[in-house]
Amino acid sequence: MWSPALAGLMTAALLTASIDTAAQAPAEPPNPLTSVKRLKCRFPTASAAAWKGGDPQVQIKTQELLFEITAIDVQDGTAEYLGTAGRAFVTAVLSGWSLYFVENSVGQLNVTTVFAQEAAPKRLKAVHSRHGYLQMTVGRYIAEPSVSQNYGDCEIVE
């Protein structure tokens, strides 16, 4: 038979069970990308493709691409690149455990992805991709699409 006292006991039992289950569930680590304001990025390895006879040919190369991403505001979706070519304003997109920085200029799209996974303490795994094409012919020279992807990490600067 149903009674208010029985209902109270059942509610207490359910609450206790749910608290025990919550206490046993592992806590998700905090996402460092939600509050990052500045990153120093280093990309020592890259791949680049060029089309030869209509087929893409990929080259792996060692290089030292360095730049900073500053004034990061994931709420407004803005940031600034600081590199050898100067300053560029970019779009910042936080999606899950990845932070994307997108730069769009005439004939060029650059995307830097920073993952919330450490390569080393305070250094997050990252990829920088460049895609560009400006149709142009000068004498016998015919411009080709320019594509590359760089692999490295970004240090969180506080």
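- Contact annotation: the side chain of Val102 never approaches that of Asn110 to less than 4.5 Å [non-hydrogen atoms, C-beta and beyond].
- Judged purely by atom type and a 3.5 angstrom limit, Asp73 uses its side chain to pair as donor or acceptor with the backbone of Gln75.
- Ile72 has its side chain within reach of Phe101: a pair of non-hydrogen atoms, C-beta onward, lies under 4.5 Å apart.
- Residue Glu144 holds its CD atom at 7.5 Å from OH of Tyr141, rounded to the nearest 0.5 Å.
- For the residue pair Val90 and Glu80, the shortest heavy atom distance occurs at CG2-N, 4.2 Å.
- Smallest separation of non-hydrogen atoms from Pro44 and Gly152: CD-CA, 3.9 Å.
- Pairing each heavy atom of Ser47 with each of Tyr151, the nearest pair is OG-OH, 3.2 Å.
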Check step by step if side-chain contact (heavy atoms from CB on, under 4.5 Å) holds for Glu68 and Arg38.
CA-CA 7 Å; Glu68 288 188 41; Arg38 184 172 169 217; 2.8 Å; yes

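- By the 4.5 Å heavy-atom criterion applied to side chains, Tyr100 and Thr91 are not counted as neighbours.
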Report the C-alpha distance between Arg130 and Leu65 in whole Å, list the side-chain angles of each, state the deciding distance to 0.1 Å, and finish with yes or no for side-chain contact (heavy atoms from CB on, under 4.5 Å).
CA-CA 12 Å; Arg130 295 177 176 176; Leu65 175 62; 3.5 Å; yes

Using the rule given for side-chain contact (heavy atoms from CB on, under 4.5 Å), can you reason through Val114 versus Ser98, listing the C-alpha separation, both sets of side-chain angles and the distance that settles it, and then say yes or no?
CA-CA 6 Å; Val114 180; Ser98 299; over 6 Å; no

Test log, rule side chain to side chain donor-acceptor pair (under 3.5 Å), inputs Lys125 and Gln117
CA-CA 6 Å; Lys125 294 178 182 178; Gln117 186 179 67; 2.9 Å; yes

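- The local environment of CD in Glu64 is crowded, with over 12 non-hydrogen atoms from other residues, nucleotides or ligands closer than 6.0 Å.
- Residue Leu124 is not grouped with residue Trp97 when hydrophobic side chains (ILVMFWY) are merged at heavy-atom distances under 4.5 angstrom, including chains of intermediate members.
- The main-chain N or O of Val127 is never found under 3.5 Å from a side-chain atom of Asn150 such that the two would form a donor-acceptor pair.
- For the pair Val106 and Leu134, the minimum side-chain heavy-atom distance is below 4.5 Å.
- Leu33 and Val74 end up in the same hydrophobic cluster when Ile, Leu, Val, Met, Phe, Trp and Tyr side chains are linked at under 4.5 Å.
- Salt-bridge annotation for Glu155 and Lys40: absent, with no side-chain N of the basic residue lying under 4.0 Å from a carboxylate O of the acidic one.
- Shown here is Gln57, whose CD atom has more than 12 heavy atoms of other residues, nucleotides or ligands within 6.0 Å.
- The shortest side-chain heavy-atom distance between Leu39 and Ile156 falls under the 4.5 Å cut-off.
- By the neighbour-count criterion of 12 heavy atoms within 6.0 Å, atom NZ of Lys37 is densely surrounded, having more than that number from other residues, nucleotides or ligands.
- Residues Val36 and Phe115 are members of separate hydrophobic clusters, defined by side-chain heavy-atom contacts under 4.5 angstrom among Ile, Leu, Val, Met, Phe, Trp and Tyr.
- For the pair Lys122/Glu158, a side-chain contact is recorded, criterion being any heavy-atom separation below 4.5 Å from C-beta on.
- Counting only residues at least two apart or on different chains, the ring-ring contact (aromatic ring centres under 6.0 Å, His included) pairs with a member in residues 45-69 are Phe43-Phe67, Phe67-Tyr81, Phe67-His128.
- Cys154 contributes atom SG, which lies 11.0 Å from atom CZ of Arg42 (distance to the nearest 0.5 angstrom).
- Pairing each heavy atom of Glu103 with each of Ala88, the nearest pair is OE2-CB, 3.4 Å.
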Under the side-chain contact (heavy atoms from CB on, under 4.5 Å) criterion, do Val93 and Leu99 qualify, and how do the steps go?
CA-CA 6 Å; Val93 179; Leu99 182 52; 5.9 Å; no

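- Counting heavy atoms from C-beta on, the side chains of Asp153 and Cys41 never come closer than 4.5 Å.
- Between Glu118 and Arg123 there is no side-chain heavy-atom pair separated by less than 4.5 Å.
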